**Student:** 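Questions regarding the structure given below will be posed in turn.
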Protein chains: 2
Amino acid sequence: MKKLEGKASGSSDVVTSDVTHVSDATLRQFMGYHMKRAFNIIQSDLGRTLKPFDLRMLTYTALVLIVDNPGLRQSQLADAMDVERPNLVVIIDELERRELIVRDRVPTDRRAYALKVTLTGRQLYEKAVAAVTAHEEQLLQQLDGDTRQIVIAALKTIETNRGKA
Amino acid sequence: MKKLEGKASGSSDVVTSDVTHVSDATLRQFMGYHMKRAFNIIQSDLGRTLKPFDLRMLTYTALVLIVDNPGLRQSQLADAMDVERPNLVVIIDELERRELIVRDRVPTDRRAYALKVTLTGRQLYEKAVAAVTAHEEQLLQQLDGDTRQIVIAALKTIETNRGKA
DNA sequence: TATTGTTATACTCTATAACTATA
DNA sequence: TATAGTTATAGAGTATAACAATA
């Protein structure tokens, strides 16, 4: 929580309602509050890192998953990305328009597409992954390996508890 | 990462591109990836918790900070919430329209408003905080106190590194 | 009947510029 | 001239219903 300077109420005690320091006492214990703030920063920071490649977090994630899983179908990718199928369509459209991936037909199921990276896509992937790795190293430089692992494990646990709360 | 069932390619080896399990090998090391997934879950889960009170994460956070900091100004609140001032206006509008808070004039600075909770607002606050606390307890039940503190400390560190990466 | 991808649509959150009234 | 709050607006992410083609 940022400590807000505010304007001191002066030497008099007449003005009683001036807030010179914002307290987040009630929120401090809530994971969601900290998560949101940290995620906002990661999101915008990562956006800056990906801008030179004309990628956003969503297009970057989709590209990486397609490279790692050639032949992936859109519904599988949507599931893996935790994105609704309709919202994935525009993401795939964009990657295809830029000729970073292709939509191949699946011979055994003519409803589906097998997503594959192109050479151009793979080259962009290499550069983008390197940039993101360097960026994360900067962002997390003060956290040691053990701490990172604890955090990642905790985040996965939260995932697992989805819907139970 | 959810393990996707996929359809087995059958007993033959002819179909080579069927993905039966989505690998996130490249993404697994990225904090931003896990953070996004966990935050999405917290966000939607929390939304469900706050729905009976007709609150969202943003209106809830604003209400709590106003209760904890009577007389807070909008610009201070925007700063504390990491929200742009224009975006806070509609949040405050909504809370005021529902008579949960009031915009009092600051006598010493007629440009500013001193935000204060009403009795109705305070009553909603009590119930909402209790519900959110219970919800978080459910969501984080598998994480012990030490782990939670490590995670929160890590999230704050990320906040502190804002813009450096 | 069920599933894959698609279209259309709506709502929320975020970000910027420009205005007003005060300081 | 700078600041507090506001208006307008645009972009991005998310969510649901309904459709055509195929299984």
Side-chain angles (χ1 to χ4, degrees), chain A residues 4-7 10 18-19 32 36-37 39-48 50-51 54-62 71-79 81-96 103-115, chain B residues 4-7 10 18-19 32 35-37 39-48 50-51 54-62 71-79 81-96 101 103-115:
Chain A
L4 298 173
E5 312 280 326
K7 199 161 45 173
D18 259 21
V19 175
K36 170 168 183 148
R37 298 173 67 86
F39 175 65
N40 279 354
I41 285 160
I42 287 182
Q43 167 97 320
S44 74
D45 239 52
L46 190 63
R48 230 175 301 133
L50 290 173
K51 190 149 198 179
D54 213 352
L55 291 170
R56 290 159 292 141
M57 190 162 188
L58 283 170
T59 49
Y60 171 76
T61 305
L72 196 66
R73 298 178 182 203
Q74 285 186 207
S75 51
Q76 291 178 308
L77 180 55
D79 199 9
M81 288 177 66
D82 253 330
V83 163
E84 296 302 319
R85 261 74 83 218
N87 297 325
L88 183 66
V89 173
V90 295
I91 294 169
I92 299 303
D93 280 350
E94 183 179 331
L95 293 176
E96 193 184 36
R103 279 193 248 230
D104 275 3
R105 276 290 177 192
V106 176
T108 55
D109 187 344
R110 298 192 44 235
R111 295 172 302 183
Y113 289 118
L115 304 174
Chain B
L4 297 173
E5 313 279 325
K7 200 161 44 176
D18 259 20
V19 175
M35 192 80 77
K36 173 173 182 140
R37 298 174 67 87
F39 176 66
N40 280 354
I41 284 160
I42 287 183
Q43 168 98 321
S44 74
D45 240 50
L46 191 62
R48 230 175 301 131
L50 290 173
K51 191 151 196 180
D54 213 352
L55 291 170
R56 290 159 291 141
M57 190 162 187
L58 282 171
T59 49
Y60 171 77
T61 305
L72 195 67
R73 299 179 182 202
Q74 285 186 208
S75 52
Q76 290 178 309
L77 181 55
D79 199 9
M81 289 177 64
D82 254 331
V83 164
E84 297 300 320
R85 261 74 84 218
N87 297 326
L88 183 66
V89 173
V90 294
I91 295 170
I92 298 304
D93 280 350
E94 184 180 331
L95 293 177
E96 192 185 36
I101 64 158
R103 281 193 246 229
D104 276 2
R105 275 292 177 191
V106 176
T108 54
D109 185 345
R110 299 195 42 233
R111 294 171 303 182
Y113 288 120
L115 304 174

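No experiment lies behind these values; they were computed from the predicted model shown.
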**Student:** Which of these nucleotides, C:dT14, D:dA12, D:dT14, is closest to any side-chain atom of B:K36?
**Tutor:**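 Nearest nucleotide to the side chain: D:dT14.
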**Student:** Measure from the side chain of A:R56, starting at C-beta and using heavy atoms only, and say which of D:dG13, D:dA4, D:dA15 lies closest.
**Tutor:** D:dG13
**Student:** Identify which nucleotide among D:dG5, C:dT14, C:dA23 has an atom closest to any side-chain atom of B:R73, counting heavy atoms from C-beta outward.
**Tutor:**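 Looking only at heavy atoms from C-beta outward on B:R73, the closest nucleotide is D:dG5.
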**Student:** Provide, to the nearest angstrom, the distance between the CD1 atom belonging to B:I41 and the P atom belonging to D:dA15.
**Tutor:**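 These atoms are roughly 11 Å apart.
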**Student:** Would you please confirm or rule out a distance under 4.0 Å between OP1 or OP2 of C:dT6 and any side-chain N or O of A:Q74?
**Tutor:**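 Answer yes for this pair, as a side-chain N or O of A:Q74 is under 4.0 Å from OP1 or OP2.
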**Student:** Look at the side-chain N and O atoms of B:R103 and state whether any lies under 4.0 Å from the OP1 or OP2 oxygen of D:dT6.
**Tutor:**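 B:R103 to D:dT6 OP1/OP2: side-chain N or O found under 4.0 Å.
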**Student:** Roughly how far, to the nearest 0.5 Å, is the CG atom of A:L58 from the CD1 atom of A:I91?
**Tutor:**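 Result: 4.5 Å between the selected atoms.
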**Student:** Could you pick out which residue, B:V83 or A:I92, lies toward the 5' side of DNA chain C when each is mapped onto its nearest nucleotide?
**Tutor:** A:I92
**Student:** Please test B:Y113 against B:R105 for side chain to side chain donor-acceptor pair (under 3.5 Å), starting from the C-alpha separation and ending with a verdict.
**Tutor:** CA-CA 5 Å; B:Y113 288 120; B:R105 275 292 177 191; 3.1 Å; yes
**Student:** What's the separation between atom CE in B:M57 and atom NZ in A:K36, rounded to the nearest 0.5 Å?
**Tutor:** 5.5 Å
**Student:** With a 4.0 Å limit, can you tell me whether A:R85 has a side-chain N or O closer than that to the phosphate oxygens OP1/OP2 of D:dT16?
**Tutor:**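 No, because none of the side-chain N or O atoms of A:R85 sits under 4.0 Å from OP1 or OP2 of D:dT16.
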**Student:** Got a donor-acceptor pair under 3.5 Å from the side chain of A:N87 to the base of D:dA15?
**Tutor:**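 When only heavy-atom distances are counted, A:N87 does reach the base of D:dA15 through a donor-acceptor pair under 3.5 Å.
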**Student:** A:P86 has a side chain; which of D:dT16, D:dT7, D:dG13 sits nearest to it?
**Tutor:** D:dT16
**Student:** It should be established whether B:R111 places a side-chain nitrogen or oxygen under 4.0 Å from OP1 or OP2 of nucleotide C:dT20.
**Tutor:** no
**Student:** Just to confirm, is there a sub-4.0 Å distance from OP1 or OP2 of D:dT14 to any side-chain nitrogen or oxygen of B:S44?
**Tutor:**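 B:S44 to D:dT14 OP1/OP2: no side-chain N or O under 4.0 Å.
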**Student:** What's the closest nucleotide to the B:R110 side chain, out of C:dT22, D:dT14, C:dT6?
**Tutor:**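 Closest nucleotide to the B:R110 side chain: C:dT22.
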**Student:** Please check the phosphate of D:dA15 (OP1 and OP2 only) for any side-chain N or O of B:R48 closer than 4.0 Å.
**Tutor:** no
